[in-house]
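In what follows, chains carry the letters A, B, and so on, assigned in the order in which the sequence lines appear, proteins first and then strands, with residues in each chain numbered from 1. Computation of the quantities below employed the complete heavy-atom set of this structure, encompassing side-chain atoms and omitting hydrogens, waters and symmetry-equivalent molecules.
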Number of protein chains: 2
Amino acid sequence: MFASEAVRPAAASSSQPLAWPVIGTRRTMIGTSSGAENDVRALQQIGTKLRVSRGKTIFNEGDPAENAYKVVNGTVRLCKHMADGRRQIAQFAFPGDFVSFMEGSEHNFTAEAVTDVVLMCYPQRQIDQLGVQKPSVRDRFLTLMCQRVCDMQNLLMVLGRQTAKERVASFLLMLLERIGFEEDDILDVPMSRQDIADNLGLTIETVCRTLSDLKRAGVIDIPNQRQLQLLDVEALQSLAAGED
Amino acid sequence: MFASEAVRPAAASSSQPLAWPVIGTRRTMIGTSSGAENDVRALQQIGTKLRVSRGKTIFNEGDPAENAYKVVNGTVRLCKHMADGRRQIAQFAFPGDFVSFMEGSEHNFTAEAVTDVVLMCYPQRQIDQLGVQKPSVRDRFLTLMCQRVCDMQNLLMVLGRQTAKERVASFLLMLLERIGFEEDDILDVPMSRQDIADNLGLTIETVCRTLSDLKRAGVIDIPNQRQLQLLDVEALQSLAAGED
DNA sequence: CGTACTGTTGACACAGCTCAAGACAAGTGG
DNA sequence: CCACTTGTCTTGAGCTGTGTCAACAGTACG
């Protein structure tokens with residue numbers, strides 16, 4: 001039962017002045033403590049498990065929004081595609097995150113599996129019903145939606161006004177806040193460099209170069225392609241805040 | 001009583017393949033027809049009128065979100081500021097638009113008056129109450145919030161992946177969709193070049209140059225600084241879609 | 001008719017993009 | 001276990017779109 005949430009490590013400890021303000025205990029917002037227990041159970045009853053393998057599309061922009069999803073395991077990207085292949089990733093969804101709740105009648109973005117993914121799949125109609133029956137559930141989703149809007153607004157600032165170095169720093173801090181350290185100060189990076197680039201509005205080369213720069217500056221280390229060691233989180237924070 | 005909505009012109013007629021998909025009859029979503037009448041009346045009762053003059057701040061990011069607002073007249077910008085003065089405008093709010101409904105306990109952006117503005121001001125607590133009493137009101141706000149998310153996702157694509165020319169074209173089409181033609185093919189531009197630049201993640205100079213380019217290409221004319229004549233909307237649409 | 005503000009245009013610089021080559025990693029089949 | 005292939009990542013060299021800086025033109029207002 002939502003085991004993925006239990007094993008998730010706490011978010012960064014020393015993270016006050018993040019470019020992406022920390023929003024309460026986001027990771028434990030749903031599925032823990034007190035009155036929420038009932039809601040979780042109710043949700044659980046109407047959900048079915050679904051596996052999607054790396055790179056596969058979960059749903060496309062414009063598809064009728066018949067289902068909503070919760071990520072149980074793995075990472076999902078929410079993105080838009082242009083006719084000529086340009087892509088913008090609006091958001092990554094990690095274990096515990098809800099995708100496409102209360103989105104209207106059509107999906108307005110594409111969801112793709114970044115890694116092999118396990119999802120809970122909830123028929124939209126039943127979610128709506130549950131929302132009517134249990135105002136607490138509805139409030140929860142509303143809160144999540146607000147956080148989503150808030151995250152997107154922060155990303156707008158990143159894309160519109162930050163330099164490459166600032167963007168990468170913001171990204172690393174976002175990852176840290178969302179999935180936390182794997183161990184000590186090692187950060188798992190589930191997505192490819194291309195995915196990072198398409199999230200930050202950069203090219204893959206610029207992302208690589210910027211990571212190398214940060215390594216040379218002693219702010220991070222790159223033990224391997226899917227892991228990063230954050231040596232100086234404060235430096236990242238002042239970078240992301242533009243104090244440079 | 002919400003007179004501003006009545007006089008608002010219909011959105012562009014020939015606007016199917018917009019970069020910002022047209023979302024139903026957005027402008028008439030609230031405050032017209034059928035069962036909505038009651039909701040409008042209920043809202044009206046808890047609202048008070050408020051005037052804010054050009055350039056003044058309505059509320060700041062981080063302020064406790066005590067009130068929600070509806071723009072009756074004028075234009076409002078919703079933005080974020082960085083410590084060093086960089087600014088990103090996430091959205092413009094035009095007459096009929098709701099601002100800061102269901103945003104959580106703190107405003108997560110700053111709202112400033114682009115022009116002299118008339119607002120309706122609703123205490124957040126009473127809005128919440130109304131939402132509980134009248135599910136239809138709540139649903140309405142939810143729909144609006146979805147549109148807001150959708151708009152922001154489109155803007156993410158603009159900021160992350162479009163060229164200056166594409167961004168300006170996207171902006172003009174957004175304006176056309178939101179406020180429509182003043183007369184024939186004349187478009188009112190209530191905001192300054194700086195505001196446009198801060199919305200599109202460009203500099204004021206690049207915005208000017210790009211408008212001049214579009215003029216030279218015969219796509220628009222610039223009768224004066226606060227009005228634009230759209231001579232070739234289709235050209236703008238293919239520009240915004242990246243077919244170039 | 002100044003004064004202040006906003007918008008426009010030009011010349012140049014540079015951050016980030018493009019193109020290209022090579023390094024590394026993960027399979028896959030023998 | 002080793003070739004071999006394939007895909008991803010990294011680095012270099014040069015180019016270009018957009019930013020920066022500066023001058024000037026409109027426009028509004030007292």
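Taking 3.5 Å as the limit, the base of C/dC19 and the side chain of A/E205 contain a donor-acceptor pair of atoms between them. Within 3.5 Å, a donor on the side chain of B/R209 pairs with an acceptor on the base of D/dT20, or the reverse.
Listed nucleotides C/dC17, D/dT11, D/dC9 differ in distance to A/S212; the shortest reach to its side chain belongs to D/dT11.
If you measure from atom CD1 of A/I222 to atom P of C/dC24, you get 13 Å, rounded to the nearest angstrom. Put simply, CG on B/L159 is 13 Å from P on D/dT18, counting in whole angstrom units. One interatomic measurement links the two molecules: CD1 of B/I204 to P of D/dA25, which rounds to 18 Å at whole-angstrom precision. Distance CD (A/Q225) to P (D/dT11): 11 Å, rounded to an integer number of Å. When rounded to the nearest whole Å, the span between CG of A/D195 and C1' of D/dC9 equals 13 Å. Regarding B/D198, its CG atom lies at a distance of 12 Å from the P atom of C/dG7, rounded to whole Å. Taking atom CZ on A/R193 and atom C1' on C/dA23, their separation rounds to 14 Å, with Å as the unit. If you measure from atom CG of A/L200 to atom P of C/dA15, you get 18 Å, rounded to the nearest angstrom.
At most 12 non-hydrogen atoms from other residues, nucleotides or ligands lie less than 6.0 angstrom from CZ of A/R51.
Residue B/R226 is classed as a sugar-phosphate contact, given heavy-atom separations below 4.0 Å to backbone atoms only. Nucleic acid contact class of A/L202 (heavy atoms, under 4.0 Å, all strands): sugar-phosphate only. Nucleic acid contact for B/G201: sugar-phosphate only, since backbone atoms but no base atoms lie under 4.0 Å from a heavy atom of the residue.
Ranked by how close their nearest DNA chain C nucleotide is to the 5' end, B/R161 and A/N224 are led by B/R161. Mapping B/T163 and A/M191 onto DNA chain D by nearest heavy atom places A/M191 closer to the 5' end of the strand.
Between A/T206 and C/dC17, a side-chain N or O to OP1/OP2 separation shorter than 4.0 Å is present. Neither OP1 nor OP2 of C/dT18 sits under 4.0 Å from any side-chain N or O of A/T203.
Judged purely by atom type and a 3.5 angstrom limit, B/D84 uses its side chain to pair as donor or acceptor with the backbone of B/R86. The main-chain N or O of A/L200 is found under 3.5 Å from a side-chain atom of A/R167 such that the two form a donor-acceptor pair.
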inquiry  = Using side chain to side chain donor-acceptor pair (under 3.5 Å), reason through A/Q227 and A/D188 one step at a time and then give a plain yes or no.
reply    = CA-CA 5 Å; A/Q227 290 194 314; A/D188 269 345; 3.0 Å; yes

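Screening A/K56, A/H81, A/R54 for a side chain to side chain donor-acceptor pair (under 3.5 Å) involving A/E112 leaves a single residue, A/H81.
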